[in-house]
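This report refers to the structure that appears directly beneath it.
What's counted below: heavy atoms across the whole structure, side chains too, no hydrogens, waters or symmetry copies. In what follows, chains carry the letters A, B, and so on, assigned in the order in which the sequence lines appear, proteins first and then strands, with residues in each chain numbered from 1.
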Amino acid sequence: MRIRRRQLGEWIAAYVLLSPYLFVFLVFNVFAIAYALYLSFTYFDLFSPPRWVGLGNYLYLLRDNLFLQKAVPNTLKYVAVVVPVQTVISLLLAFALDQEIKFRRFFRTLFYVPSVTSSVVISLIFLWLFKKTGVINQLLGLSIDWLTSPTFALPTIMIVNIWATTGTMMVIFLAGLQDIPVTYYEAAMIDGANRWQMLRHITIPLLRPVIFFVVTMGVIGCFQVFDQIYVMTAGGPLDSTTTIAYLIYKWAFQSTTPFMGRASAVAFVLAGMILIVTVIQRRLIERPGEV
Amino acid sequence: MKRFLLLLAVLALAMTACAPAATPTPAVTREVVVTRVEVTREVEKPKATVRLSGWAANPQETALLESLLYRCSLKNPDVVVKYEPITGDYWAKIKTLVASGEEPDIYYMDIFQFPFFVSKGVLVPLDDYMAKSGVKKEDFIKTLIDAFTGPDGKVYGIPKDFNTLALFYNKDLFAQAGIPEPNENWTWDDLKNAARKLSDPAKGIYGLGVPADPGRFPIFVFQNGGRIMTPDFKDTLLDSPEVIEAAKFYTSFRAEKIGAIPADVGVDWQGTGFGQGKLAMVFEGGWLIPYLREQFPNLKWGATFPPKGPKGRGNLIFTVAYVISKNSKNPEAAWKTIECLTSEESQTVVLSTGFALPSRAKLTEHEYFKTHPESLVIFKGAEFGTPFMWGLRGDVVNEQMGKALERIYLEGQDVGASFKQAAEEVRKALKEQQ
């Protein structure tokens, strides 16, 4: 009896302490998501009350060319390129800056700076760099319409995003690397392991949870890419940079008649895609490490 | 009243409580009594408060509006106007505000967005207010006031200002090429011949700016006797022979390297390219004038009417009105404010600052135009202009028109095929409109 009463007291205390957060969570997360889910089954133009259309919005997506032929492929391409590239580059940077080199602190700070810079500011700066008469073309001796060509616009945005996020990933990897006890390396050295073997059999396996974290964050961030596109290309030219997240904005807010229901449906499809990819990743990356 | 007194009582308590122990309490109480008398007088003359929102285009325009509001506060002492400019995405903001019933009493309405708002009945019809205060439709430029008239024949917005497109030309480049400057009798052929002589692709100079911009291209359609939409806005005419012919003419400039899109000359907006002397002629509105004055003060330029096409003149009208929200608790006060902001007196002030062209028809005679002929060109453009408005799915029409031009420019698609594709996409969107 006594124990039970004490437990009850603890529960109450816990929930009282949690309540401010829980309130915010319920109102701004649970309620908002539930309402968006409801809206995804309606036709809602903001001015008239939502009208139930069942699966209408989802069925519409299955026959909409902009969604199927532009937004989904563009987003998948974006994820498939940006996530591996930024993960590998940031891992290499982390290895390099984990060594005892000169100006190590300076470089660490330098590579991290883009992460604390506003993405809009970064986008604006790159908008100038990638102009036809801009610095990049001048340096490379080219004359490419980076952002106004349907071929180059998406790769350009990929480059900007890789540049901007690599620093964050690098810091996470650095923390992971420094978490690995030196004793393992010392033991391996005594056993006569070379650097490659140490990397292959100690660093990578012990870094697995960190890699999983970085890749998951990267995948989620890339699936939701929006700001750079909003600022640099507005989804153009010819929809070559229209991604799923941008499509949500376009249908909800750029249309003279807002399509909130359709936009909500896209948001849930996007969430579903992210969930599926994350689950697959978990299977691929985390499991072997745990065994 | 009661609330005020209650508040004062609480305040008095708080003041007493907060007063340092050393301060004699009676002195504080006396102070409070004096305050109470003042507030009671204040409450005897109730003022109606109305909120006004618009986009914040630039500091000068904001200052202009604020000075007009000050004049209006002298005229309507019983109305307090709270100006709440919206920065960022104005339409996303205003639409969500309307959805939650918290929109301002008065707000800016662009003609492009007007059909959706009027179809949803979120605006107050103004005819009765106009009749009561003797404001006549005829006082305003006909195309503008007609544009803000709903399908039911009622007026829902009082146009505040407008813009049309003029042909801006670089005088130095014309002198260098040794050809006469454009005049109002120019035809399409004159435009093309001049562009040919002005262009020097090796130096990066092109005759005419021909952006893939749905806010520029339609004037060629109108000059060719065509339309973008049917009169009831239920179908598009983007695949009609008049449009395709106009598009062939418009895109031929870039194909023959005597015209360019902004990216060709390394700019975001052709106004910049014009200022830099890379584009000898551009079609732009009155907004280009202050820009050139500030950014390129040494540029010698002129402006005239867009050329006549095979079927005569055509132009686009960009216009903004003040509207009153259906949710307004003080529509009378809101109307008084709009009446004052669009009065002849206020509109004369607007005109003389040169930021916008006022909507009152009578002002054509104003002496400002004698010293600013380029503004008169834009003002008079309204006479043969069509409002920049394509119905409830104007966004799709604009988008598809822009894409049709982009496909021709960037992917070399056939003009006819590209515009047919655009028309099909628009029809699909119009059908999807549930």
Checking A:Q254 against B:D395 for the side chain to side chain contact (heavy atoms under 4.5 Å, CB included) test, could you report, in this order, the C-alpha distance in whole Å, the side-chain angles of both residues, the deciding distance, and whether it holds? CA-CA 7 Å; A:Q254 286 200 313; B:D395 60 309; over 6 Å; no
Search all heavy atoms of A:F47 against all heavy atoms of B:A99 and return the closest pair with its distance. CE1-N, 4.5 Å
Which heavy atom of B:A263 sits nearest to which heavy atom of A:D145, and what is that distance? O-OD1, 3.8 Å
With side chains defined as the heavy atoms from C-beta onward, is the minimum distance between A:P237 and B:L410 less than 4.5 Å? yes
Would you mind reporting whether B:F116 and A:P258 have side-chain heavy atoms less than 4.5 Å apart?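 A:P258 vs B:F116: side chains touch.
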Working to the nearest 0.5 angstrom, can you tell me the gap between A:S255 OG and B:W91 CH2?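 CH2 of B:W91 is found 13.5 Å from OG of A:S255.
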Rounded to the nearest 0.5 Å, how far apart are NZ of B:K95 and CE of A:M260?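 So the gap between those two atoms works out to 8.5 Å.
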Between [X] and chain A, with a heavy-atom cut-off of 4.5 Å, which part of the residue counts as in contact: side chain, backbone, both or neither?
X      : result
B:T96  : both
B:K120 : side chain
B:Y409 : neither

Taking 4.0 angstrom as the limit, do A:K131 and B:D268 come out as a salt bridge?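 So A:K131 pairs with B:D268 through a salt bridge.
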Hey, is A:D239 close enough to B:K403 for a salt bridge, meaning N to O under 4.0 Å? yes
Looking at B:Q113, B:E411, B:E406, which one has more heavy-atom pairs under 4.5 Å with chain A than the rest?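 With the most close heavy-atom pairs to chain A, the winner is B:E406.
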As an exercise: rank A:T148, A:L127, A:L66, A:T256 by heavy-atom pairs under 4.5 Å with chain B and give me the winner.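 Most heavy-atom pairs under 4.5 Å with chain B: A:T256.
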For A:D45, is it the side chain, the backbone, both or neither that has a heavy atom under 4.5 Å from a heavy atom of chain B?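 For A:D45, backbone and side chain are both near chain B.
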Would you say A:Y249 and B:D89 are linked by a side-chain donor-acceptor pair, where the criterion is simply a distance under 3.5 Å? yes
Is the number of heavy atoms from other residues, nucleotides or ligands under 6.0 Å of A:M217 CE greater than 12? no
Run the salt bridge (Lys or Arg N to Asp or Glu O under 4.0 Å) test against B:D414 and tell me which residues pass, sequence neighbours left out.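 Testing B:D414 for salt bridge (Lys or Arg N to Asp or Glu O under 4.0 Å), a comparison that skips the adjacent residues, returns none.
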